[in-house]
Amino acid sequence: MDSFSILALESSCDETAVAILRQDGDKTEILSENIYSQIPDHAEFGGVVPELAARAHVQHFPSLIEATLQEASTTPDKLSAIACTTGPGLIGGLLVGSMLARTMAMRWQLPFYGIHHLEGHLLSPRLGTEKPEFPYLVLLASGGHTLMILAKGLGDYQILGRSRDDALGEAFDKSAIIMGLTYPGGPILERLAQDGDPTRFALPSPLVGARDKSDRLSCDFSFSGLKTAVSRLWRQLPPMTETEKQQARCDMAASLHSAVGNVLQNRLNNALRQFRALYPEYSDKIPVVFVGGVAANQILRQSLEVLCIRENAALSTVPMRLCTDNATMIAWAAIERIKAGLAPIAEHHQAQPRWSLEW
Ligand code: KG4
Ligand code: ZN
């Protein structure tokens, strides 16, 4: 297929998203992309409520799909395939998206590509002009996952490390709630950290120096202790005026960014060592991609950039709107599969709340 268009849906968490991309030879064009963010619907509960999320996907998909088709100036008969996130994620949302997408594929007689949500994230930097080539390292940090991955090829992924407890985005969100801020806390803490003193609160950098079963420096993460330390230090503060409290929030946010920056640098350095051991002949800069909602964080991007310059690695990220959940990355993952001549995989058609990347 030289030229083809693909419509994709994403509904694994709290974003209802639709995108249409066209591939023409080597050229990819995002014809239209739309997101209904459910953040305001969940804010009062301090996190995502699965049933509310599923109901909101049902409510918003029809108008979003119609608007996306209109903005792309296309009609269903001009599409070549339908893609949808089928896992991992919240089962209600996955069922809504996949049933809708499969029904459209059936109605319009198009092939259906069930896409792994994390594959969508990790392939997304390849949509850009300076695309990382396989093999490359992936640091994926979102509200549900924190993983260090070796992407050896399309669909060939090895997990080098994962969080043993909370995901990084979750640790940011929970720390924000402790300090009386709203959900999602990650972007709020990033803003506050700009005006804070990173040395005021001594927070731990968990698992620095830890080793894995093969006695290599570990690429695992642990963030629940960091959140507990934020809670303990916050509760120990004396009574404060509102101005002092706001400054304490800024200082805690800056201290948290400093501790997390150290952890990410340390774990990426360990992953780079493992990469060099696996590919001793590799002489170019090692490609590293930072993806997932937390990758929108400029302070953490900067920490990783510093390490990459020092260690002869090349960091790629994606535009902010593609860091958090979106359907463009799902359409792109399907395009990568179509270009590689990989047929849709029947087992990927079913919604799967748990689904390993090492399938
Ligand atoms: O990838 P994503 O949209 O959804 C999941 O698959 O989880 O990630 C959402 C997470 C939330 O925890 C949010 O607080 C975090 O990403 N996040 C950030 C920033 N923007 C979003 N964390 C830190 N700094 C940010 N700028
Ligand atoms: Zn995600």
Side-chain angles (χ1 to χ4, degrees), residues 1 3-24 28-42 48 50-117 119-121 123-124 127 318-319 321-338 344 348-353:
M1 261 198 280
S3 166
F4 58 93
S5 302
I6 185 151
L7 180 148
L9 307 186
E10 156 64 41
S11 56
S12 64
C13 192
D14 58 348
E15 319 286 351
T16 313
V18 184
I20 300 176
L21 270 60
R22 181 167 54 214
Q23 187 70 24
D24 206 344
T28 313
E29 203 182 338
I30 300 172
L31 296 185
S32 61
E33 49 183 4
N34 280 300
I35 297 185
Y36 169 75
S37 172
Q38 303 177 9
I39 285 176
D41 305 345
H42 300 281
V48 179
E51 187 183 331
L52 282 186
R55 289 181 189 279
H57 292 308
V58 173
Q59 188 186 344
H60 294 284
F61 261 138
S63 53
L64 273 188
I65 293 170
E66 204 172 307
T68 309
L69 282 164
Q70 263 177 22
E71 285 161 25
S73 305
T74 193
T75 44
D77 55 297
K78 301 215 180 73
L79 296 171
S80 321
I82 303 283
C84 180
T85 305
T86 47
L90 299 173
I91 187 64
L94 293 172
L95 282 169
V96 171
S98 60
M99 294 305 284
L100 194 51
R102 286 172 66 187
T103 307
M104 290 193 288
M106 229 185 305
R107 170 69 182 79
W108 299 327
Q109 299 190 329
L110 297 170
F112 172 75
Y113 286 81
I115 301 292
H116 193 294
H117 179 78
E119 182 177 58
H121 276 300
L123 292 176
S124 59
L127 176 54
V318 289
R321 71 177 206 291
L322 296 183
C323 288
T324 45
D325 291 346
N326 63 88
T328 299
M329 68 181 189
I330 303 303
W332 171 247
I335 288 176
E336 289 250 37
R337 290 185 163 270
I338 294 169
H348 295 184
H349 287 196
Q350 299 295 335
Q352 308 177 65

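With sequence neighbours excluded, the residues forming a side chain to side chain donor-acceptor pair (under 3.5 Å) with Thr16 are Gln38, His57, listed by chain and number. Here Glu336 pairs with Arg126 under the salt bridge (Lys or Arg N to Asp or Glu O under 4.0 Å) rule; sequence neighbours left out. Remark: Asn326 engages no residue in a side chain to side chain donor-acceptor pair (under 3.5 Å) (not counting sequence neighbours).
We find the CG-CG distance between Asp14 and Leu52 to be 11.0 Å, quoted to the nearest 0.5 Å. Distance check: His117 NE2 to Ile330 CD1 gives 6.5 Å after rounding to the nearest 0.5 Å. With rounding to the nearest 0.5 Å, the separation of OG1 in Thr28 from CG in Leu31 is 10.5 Å. Distance check: Trp332 CH2 to Gln23 CD gives 5.5 Å after rounding to the nearest 0.5 Å. Between the CG atom in Leu64 and the OH atom in Tyr36 there is a gap of 9.5 Å [rounded to 0.5 Å]. Remark: Ser5 OG to Leu69 CG distance equals 10.5 Å, nearest 0.5 Å.
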Only pairs under 3.5 Å count here: list side-chain donor-acceptor contacts from residues 85-95, not counting sequence neighbours, and write none if there are none.
| unit_1 | atom_1 | unit_2 | atom_2 | d |
| --- | --- | --- | --- | --- |
| Thr85 | OG1 | Glu10 | OE1 | 2.5 |
| Thr86 | OG1 | His348 | O | 2.8 |

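The 12-atom threshold is exceeded at CD of Glu29, counting heavy atoms of other residues, nucleotides or ligands nearer than 6.0 Å.
The nearest pair of heavy atoms linking Ile82 to Ala101 is CG2-O, 3.6 Å. A pairwise comparison of heavy atoms in Ile6 and Ala83 identifies CD1-CB, 4.2 Å as the closest pair. Nearest heavy atoms, Leu110 versus Pro76: CD1-O, 4.4 Å. Minimum interatomic distance between Ala72 and Ser32 (heavy atoms only, all atoms of both residues): CB-OG, 3.5 Å. Scanning all heavy atoms of the two residues, the minimum distance from Cys13 to Val48 falls at SG-CG2, 4.1 Å. Contact record, Ala333 with Gly120: CB-CA, 4.3 Å, taken as the closest heavy-atom pair.
Of the candidates Asn34, Leu79, Ile30, Ile20 forms a side chain to side chain contact (heavy atoms under 4.5 Å, CB included) with just one, namely Leu79.
Sorted by first and then second residue, the ring pair (Phe, Tyr, Trp, His ring centres under 6.0 Å) pairs involving residues 66-114 (not counting sequence neighbours) are Phe112-His349. Annotation: side-chain hydrogen bond (donor to acceptor under 3.5 Å, both in side chains) contacts involving residues 97-107, sequence neighbours excluded, are absent.
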